[in-house]
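Just so we're clear, the structure is a prediction, and the values are computed from it rather than from any experiment.
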Amino acid sequence: MRYAICFTPPASDPLTLAAAEWLGRSVFSGETAERPPIRGLGIQEIAFYTAMPRRYGFSGMLKAPFRLREDCSEAQLLRDLMHFSGTFSPFTMPPLGVARIDDLFGLAPTNPCGDLDALAATVVQHFDRYRAPLSEAELERCDPDALSGLQFTNLFRWGCPNVMGQYRFHMPLTGPVAQRDATRIEHALKSWFAALLTQPVTFGNIALMVEVGAGGPFRVHSLHPLGKVGARRIA
């Protein structure tokens, strides 16, 4: 079983609901979401391109999936995350927009957000004490030979190549998209999410995600509002 620390809007947020329909699964309940017809894209085509983000659910990674150290427990991780969330205040991110990140599409802030980058770096550092070292198989899946020097260093120090100076917050909505299909997918995404991407986004919580079985889908284990400890609630 693996855990991840992420951002996702509350379960009832219109953006969360729209993303669940696009991906075909709710990151909160784990249940299949009915996907309405999308002009220009076939149902099987959407299912193919959303297979990867459907497994992880609609979320923006702060700390990549990790196995717990043998001397750490889920209860310890949960208590620490509850306390940690209380030390940060909610902040406003710039509006999100459909962006291409390498060969996939997702939602990303339309302008830099220093508060977000600082929080992500702190999460990576603070919670690394709970992370078990990567296995040889996990290291191989990261394809170290294809990484830059900084990414290689990050992988072995923090368990993920794209952290600290290599970090870019995004909420994936597709897996790798073939170049021949990129324009159609991008157009469909912009049309699907257009009405929800006009306003700044409140970053008001941190989500603890859990992998349901080895290699299974991730779902929200608990949602922790930033701010006072008394405001906590379990999702």
Side-chain angles (χ1 to χ4, degrees), residues 1-62 64-65 93-110 141-143 162 168-199 201-203 205 207-223 235:
M1 180 181 292
R2 294 188 300 165
Y3 299 85
I5 300 174
C6 305
F7 167 75
T8 191
S12 60
D13 190 285
L15 185 57
T16 301
L17 300 176
E21 290 183 338
W22 169 265
L23 295 175
R25 186 177 76 90
S26 167
V27 72
F28 283 89
S29 69
E31 295 177 355
T32 300
E34 185 174 353
R35 184 184 288 113
I38 298 175
R39 180 177 296 181
L41 296 177
I43 293 176
Q44 291 184 341
E45 187 176 27
I46 300 173
F48 172 77
Y49 278 129
T50 58
M52 184 180 73
R54 182 163 55 252
R55 179 190 171 203
Y56 289 96
F58 183 59
S59 59
M61 203 71 69
L62 299 175
M93 291 194 294
L96 299 176
V98 174
R100 189 157 196 187
I101 301 95
D102 296 326
D103 55 358
L104 60 82
F105 286 99
L107 299 183
T110 51
R141 283 198 292 272
C142 293
D143 194 8
N162 297 314
R168 182 183 179 186
F169 177 86
H170 62 285
M171 308 181 79
L173 295 170
T174 74
V177 175
Q179 188 60 43
R180 65 180 181 276
D181 295 328
T183 299
R184 289 190 303 112
I185 297 292
E186 183 176 17
H187 178 77
L189 283 167
K190 288 181 176 179
S191 177
W192 184 258
F193 289 98
L196 303 172
L197 303 180
T198 60
Q199 300 296 323
V201 177
T202 298
F203 194 112
N205 67 74
L208 179 63
M209 312 283 286
V210 62
E211 186 178 36
V212 183
F218 280 79
R219 61 179 294 184
V220 174
H221 173 287
S222 49
L223 198 64

Just wondering, do [Y] and [X] contact through their side chains at under 4.5 Å, heavy atoms?
X	Y	value
Pro109	Leu96	yes
Val177	Leu104	no
Arg25	Thr50	no
Pro65	Phe218	yes
Tyr49	Asp181	yes
Val27	Tyr56	no
Leu208	Ile5	yes
Asn162	Arg168	no

* Structure fact -> Distance col, row Leu196:CG vs Leu15:CG, nearest 0.5 angstrom, shows 6.0 Å
[X] side chain to [Y] main-chain N or O, any donor-acceptor pair under 3.5 Å?
X	Y	answer
Ser59	Thr8	no
Arg219	Phe28	yes
Arg54	Gly24	no
Thr174	Phe105	yes
Thr16	Ala11	no

* Between Trp192 and Trp22, how do the two ring planes meet: parallel, tilted or perpendicular, split at 30° and 60°? -> tilted
* To do: Just say parallel, tilted or perpendicular for the rings of Phe203 and Phe7, cut-offs at 30° and 60°.
  => parallel
* Using 4.0 Å as the upper bound for N to carboxylate O, is an ion pair formed by Glu211 and Arg55? -> yes
* To do: Can you see which heavy atom on Gly40 is nearest to which on Arg184, and at what distance?
  => O-NH1, 2.9 Å
* Please walk me through it: do Thr110 and Leu197 pass side-chain contact (heavy atoms from CB on, under 4.5 Å)? -> CA-CA 10 Å; Thr110 51; Leu197 303 180; over 6 Å; no
